[in-house]
Amino acid sequence: MARSKSSANWMKRHVSDPYVQMAQKDGYRSRASYKLLEIQEKDRIITPGMTVIDLGSAPGGWSQVASRIVGDKGRLIASDILPMDGMADVTFIQGDFTEQEVFDEIMAAVNGQPVDLVISDMAPNISGIRAADQAGSMYLCELALDLALQVLKPGGDFLIKVFQGEGFDQYLKEVRSHFDKVIMRKPDSSRSRSREQYLLARGHRGQA
């Protein structure tokens, strides 16, 4: 089947993207690695020995960055609906995060141990209908926050991809009620035409 003009244009932009080229050169699985690297350089959210949960991990760009920093004494639990090639010292759980069974698998992997950081680069399958896509994105954000509040130790951090729109202001208010500080980040490696931003919540206040 012939490739559509829009998909051909996307492929052309993708191949010529400097961050795609850098990822191939540096051995990262995706250009998304540089988004986390930029946030890490600015905010130092990952340190050796940490326990980290990576939601929406495939193909593994963020897991690569995080696992290298936490090192042998750290722990990383990753999950995605898509398959992800194995990675040393990373526990991967494949499945739909919106389903209770997958959520329970992640919680079982945590096994009651304190988590230092939850990161999420999740996004819904894009339909092209902006209102529906925004609603799907906020639903994933709410689920990720719910998990973070259950597993993060007091003082722990939460980093998540968000799209400003319907439901965002209320979500921001909810996050602020549980963390000491909330910062918005737009890494240089995030495409300028993309509406995505990253919400970084620092200093989990612990269970009420």
Side-chain angles (χ1 to χ4, degrees), residues 19 31-57 61-71 73-80 97 103 106-107 109-110 112-124 134-192 194-208:
Y19 288 99
R31 70 186 307 284
S33 297
Y34 297 101
K35 301 174 189 178
L36 184 57
L37 285 167
E38 284 185 65
I39 294 169
Q40 169 68 7
E41 184 172 346
K42 186 181 291 286
D43 298 294
R44 300 296 175 190
I45 61 174
I46 312 171
T47 57
M50 270 188 167
T51 295
V52 178
I53 295 178
D54 179 10
L55 302 173
S57 59
W62 278 24
S63 289
Q64 277 183 301
V65 172
S67 63
R68 290 176 184 179
I69 298 172
V70 301
K73 294 184 179 179
R75 188 167 179 234
L76 198 148
I77 300 165
S79 180
D80 200 291
F97 177 68
F103 184 93
I106 296 171
M107 296 298 288
V110 172
Q113 298 301 306
V115 173
D116 300 283
L117 173 67
V118 175
I119 56 179
S120 172
D121 201 28
M122 286 192 296
Q134 178 66 18
S137 172
M138 294 312 305
Y139 178 56
L140 292 177
C141 288
E142 289 164 5
L143 290 180
L145 176 62
D146 180 58
L147 181 142
L149 295 178
Q150 291 187 53
V151 302
L152 280 176
K153 70 178 187 181
D157 295 339
F158 176 51
L159 174 68
I160 186 165
K161 176 160 64 182
V162 295
F163 298 90
Q164 291 197 17
E166 184 70 30
F168 173 77
D169 289 344
Q170 183 61 37
Y171 183 76
L172 181 60
K173 183 179 179 180
E174 176 70 12
V175 175
R176 282 177 169 158
S177 71
H178 295 285
F179 292 84
D180 292 334
K181 183 178 182 181
V182 177
I183 310 162
M184 299 303 297
R185 296 290 186 223
K186 176 73 171 177
D188 291 341
S189 49
S190 177
R191 292 185 173 101
S192 59
S194 172
R195 292 171 46 244
E196 72 178 13
Q197 294 189 63
Y198 290 87
L199 182 155
L200 173 58
R202 311 212 70 170
H204 180 225
R205 293 175 184 151
Q207 298 293 336

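Only heavy atoms go into these numbers, but all of them, side chains included; no hydrogens, no water, no symmetry mates. If you read the sequence from its start, that first residue is 1, and numbering goes on from there.
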Worksheet, complete the sentence: Between Phe158 and Leu117 the two heavy atoms that sit nearest each other are N-CD1, 4.2 Å

Worksheet, complete the sentence: Rounding to 0.5 Å, atoms CG (Leu149) and CD (Glu174) come to a distance of 7.0 Å

Worksheet entry | Nearest-0.5 Å distance, CG of residue Leu200 to CD1 of residue Ile183 | 5.0 Å

Item to complete: Heavy atoms only: give me the nearest Met122-Leu140 pair and the separation to one decimal.
Response: CE-O, 3.8 Å

Fill in: Pairs involving residues 134-158, ordered by first then second residue, that meet side chain to side chain donor-acceptor pair (under 3.5 Å) (sequence neighbours left out)
Asp116-Lys153, Gln134-Arg195, Asp146-Gln150, Asp157-Arg202

Worksheet entry | Check: Arg176 side chain, Val182 main-chain N or O, donor-acceptor pair, under 3.5 Å | no

Practice prompt. Would you indicate whether the side-chain heavy atoms of Gln197 and Gln164 approach each other to under 4.5 Å?
Written response: yes

Practice prompt. Please round to the nearest 0.5 Å and tell me the distance separating atom CG of Leu37 and atom CD1 of Ile69.
Written response: 6.5 Å

Practice prompt. Heavy atoms only: give me the nearest Arg205-Ser177 pair and the separation to one decimal.
Written response: NH1-O, 3.0 Å

Discussion item. Using side-chain heavy atoms (C-beta onward) and a distance below 4.5 Å, is Leu143 in contact with Phe103?
Written reply: no

Worksheet item: Do you know which two heavy atoms are closest between Leu76 and Ser67, and how far apart they sit?
Response: CD1-N, 3.6 Å

Worksheet item: So, does Glu38 use its side chain to make a donor-acceptor pair with the main chain of Ser189 at under 3.5 Å?
Response: yes

Hey, can you pull the donor-acceptor pairs under 3.5 Å for the side chains in residues 44-55, sequence neighbours left out?
| residue | atom | partner | partner atom | Å |
| --- | --- | --- | --- | --- |
| Asp54 | OD2 | Ser63 | N | 3.2 |
| Asp54 | OD2 | Ser63 | OG | 2.7 |

Discussion item. Under a 3.5 Å distance rule, please check whether Trp62 uses its side chain to pair with a backbone N or O of Ala32 as donor and acceptor.
Written reply: yes

Worksheet item: Quick one: are Asp121 and Tyr198 in side-chain contact, heavy atoms under 4.5 Å?
Response: yes

Worksheet entry | Main-chain N/O of Ile160 paired to Ser120 side chain as donor or acceptor, under 3.5 Å | no

Worksheet item: Going by heavy atoms in the side chains, are Val70 and Arg75 under 4.5 Å from each other?
Response: no

Discussion item. Checking Lys35 now: which residues fulfil salt bridge (Lys or Arg N to Asp or Glu O under 4.0 Å) with it, not counting sequence neighbours?
Written reply: Glu196

Discussion item. Evaluate Phe179 against Leu152 for side chain to side chain contact (heavy atoms under 4.5 Å, CB included), listing each step before the verdict.
Written reply: CA-CA 11 Å; Phe179 292 84; Leu152 280 176; 3.8 Å; yes

Fill in: Straight-line distance of Leu36 CG to Arg185 CZ, nearest 0.5 Å
13.0 Å

Item to complete: Determine the minimum heavy-atom distance between Cys141 and Tyr171, stating which atoms define it.
Response: O-OH, 2.9 Å

